[in-house]
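To start, the structure under review is shown below, and the notes come after it.
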Amino acid sequence: MRYLTFALGKGRLAKKSLELFENIGIICEEMKDPKTRKLIFVNEELKLRFFLAKGPDVPTYVEYGAADIGIVGKDTILEENKHLFEVLDLGFGACKMCVCGPPSAREYLNQQELIRVATKYPNIAKDYFYNKKHQTAEIIKLNGSIELAPMVGLSQVIVDIVETGSTLRENGLEVLEEICNLSARMVVNQVSMQMENDRITKLIKDLEKYL
Ligand code: PRP
């Protein structure tokens with residue numbers, strides 16, 4: 001039997017994913033050691049391999065078949081737009097993709113004038129402004145602390161993830177428009193889905209039963 005390989009998005013998602021797998025009898029003890037610098041973890045008994053990758057890289061590993069299965073946020077799936085099957089909503093990591101800004105920025109969204117939008121998600125922002133709102137937008141790519149952009153005058157609004165809303169509140173910003181709901185998803189390589197159909201289908205069924 002060949003190894004079935006999982007790519008997990010580093011951080012909170014990976015921790016939650018491992019907890020979820022434990023509930024359906026998939027355990028990987030060596031991965032739980034917080035001091036380990038290992039990158040790949042193996043469960044010999046079940047012939048499974050796990051590795052941790054940066055969230056935005058997970059769809060790439062899965063598209064190329066370096067991982068059969070990935071666990072990644074819907075935000076990353078939308079942004080990276082790779083060829084893969086999204087098979088399951090895992091429910092955790094729930095949040096929303098939103099257009100946010102100071103209350104005064106609302107007027108820019110109701111006009112058809114050029115608007116400046118800062119974001120870590122340029123593809124999602126382009127799709128929303130160009131294809132859904134039909135508004136011309138200058139999209140400025142940032143890598144973090146996106147909320148700063150309207151506060152220091154880089155952009156009028158941002159497109160970003162809102163989970164509890166506390167970052168917005170503490171900085172005098174608010175949700176102006178909601179784009180979509182997000183959560184962790186399981187994605188599968190298109191060839192693996194055929195070649196390893198029995199094992200992957202069983203895994204999906206076990207997870208569905210548990211969820
Ligand atoms: C994310 C997101 C928001 C914040 C939202 O940032 O970009 O800034 O969390 O969470 P909240 O609604 O619960 O306040 P993250 O912490 O991932 O860091 P980043 O600024 O580097 O993107």
Side-chain angles (χ1 to χ4, degrees), residues 6-20 31-32 34 39 50-62 67 70-82 84 86 88-106 108-109 115-133 135 137-187:
F6 292 73
L8 309 179
K10 262 186 202 169
R12 267 180 299 178
L13 282 195
K15 199 165 167 271
K16 286 270 189 189
S17 309
L18 291 179
E19 284 169 17
L20 179 64
M31 210 165 171
K32 289 198 279 184
L39 295 172
F50 300 86
F51 65 82
L52 297 174
K54 280 260 185 197
D57 295 338
V58 168
T60 308
Y61 284 106
V62 176
I71 307 285
V72 66
K74 178 71 178 175
D75 50 321
T76 305
I77 298 173
L78 291 171
E79 182 62 24
E80 297 300 320
N81 198 21
K82 301 286 187 195
L84 29 83
E86 183 186 323
L88 202 55
D89 183 345
L90 301 173
F92 56 82
C95 51
K96 282 182 197 293
M97 186 64 73
C98 299
V99 181
C100 311
S104 60
R106 217 173 269 281
Y108 296 105
L109 293 167
I115 187 168
R116 272 190 167 186
V117 183
T119 186
K120 206 154 64 168
Y121 301 93
N123 294 326
I124 294 175
K126 267 181 217 156
D127 179 58
Y128 183 69
F129 278 93
Y130 296 171
N131 302 330
K132 304 220 169 71
K133 276 182 74 74
Q135 182 170 7
E138 184 179 348
I139 311 288
I140 303 170
K141 164 88 162 78
L142 292 177
N143 295 296
S145 301
I146 315 298
E147 289 83 357
L148 265 177
M151 299 171 71
V152 299
L154 178 64
S155 67
Q156 279 111 18
V157 296
I158 60 173
V159 165
D160 200 17
I161 288 173
V162 179
E163 193 179 351
T164 61
S166 52
T167 312
L168 291 179
R169 267 192 305 278
E170 288 185 28
N171 292 291
L173 306 174
E174 59 185 46
V175 172
L176 303 172
E177 289 178 1
E178 289 186 6
I179 300 178
C180 61
N181 290 318
L182 306 167
S183 56
R185 308 291 159 100
M186 185 166 139
V187 293

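Atoms within a ligand are numbered from 1 in the order they appear, just like the ligands themselves. Since the model is a prediction, treat every value here as computed from it, not as a measurement. Residue indices begin at 1 and follow the sequence shown.
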Which atom of A118 lies closest to which atom of I146, heavy atoms considered: O-CG2, 3.6 Å
Could you tell me whether E177 and K132 make a salt bridge, using a distance below 4.0 angstrom between a side-chain N and a carboxylate O? no
Side-chain donor-acceptor pair present, R106, S104, cut-off under 3.5 Å: no
Does K16 NZ have over 12 foreign heavy atoms under 6.0 Å away? no
Give a yes or no answer on whether the side chain of E79 reaches the backbone of N123 with a donor-acceptor pair at less than 3.5 Å. yes
So, using side chain to side chain contact (heavy atoms under 4.5 Å, CB included) as the criterion, who are the partners of N171 when residues are at least two apart? M151, T167, L173
Heavy-atom contacts under 4.0 Å to ligand 1, chain-then-number order, include exactly K120, G144, S145, E147, D160, I161, V162, E163, T164, G165, S166, T167
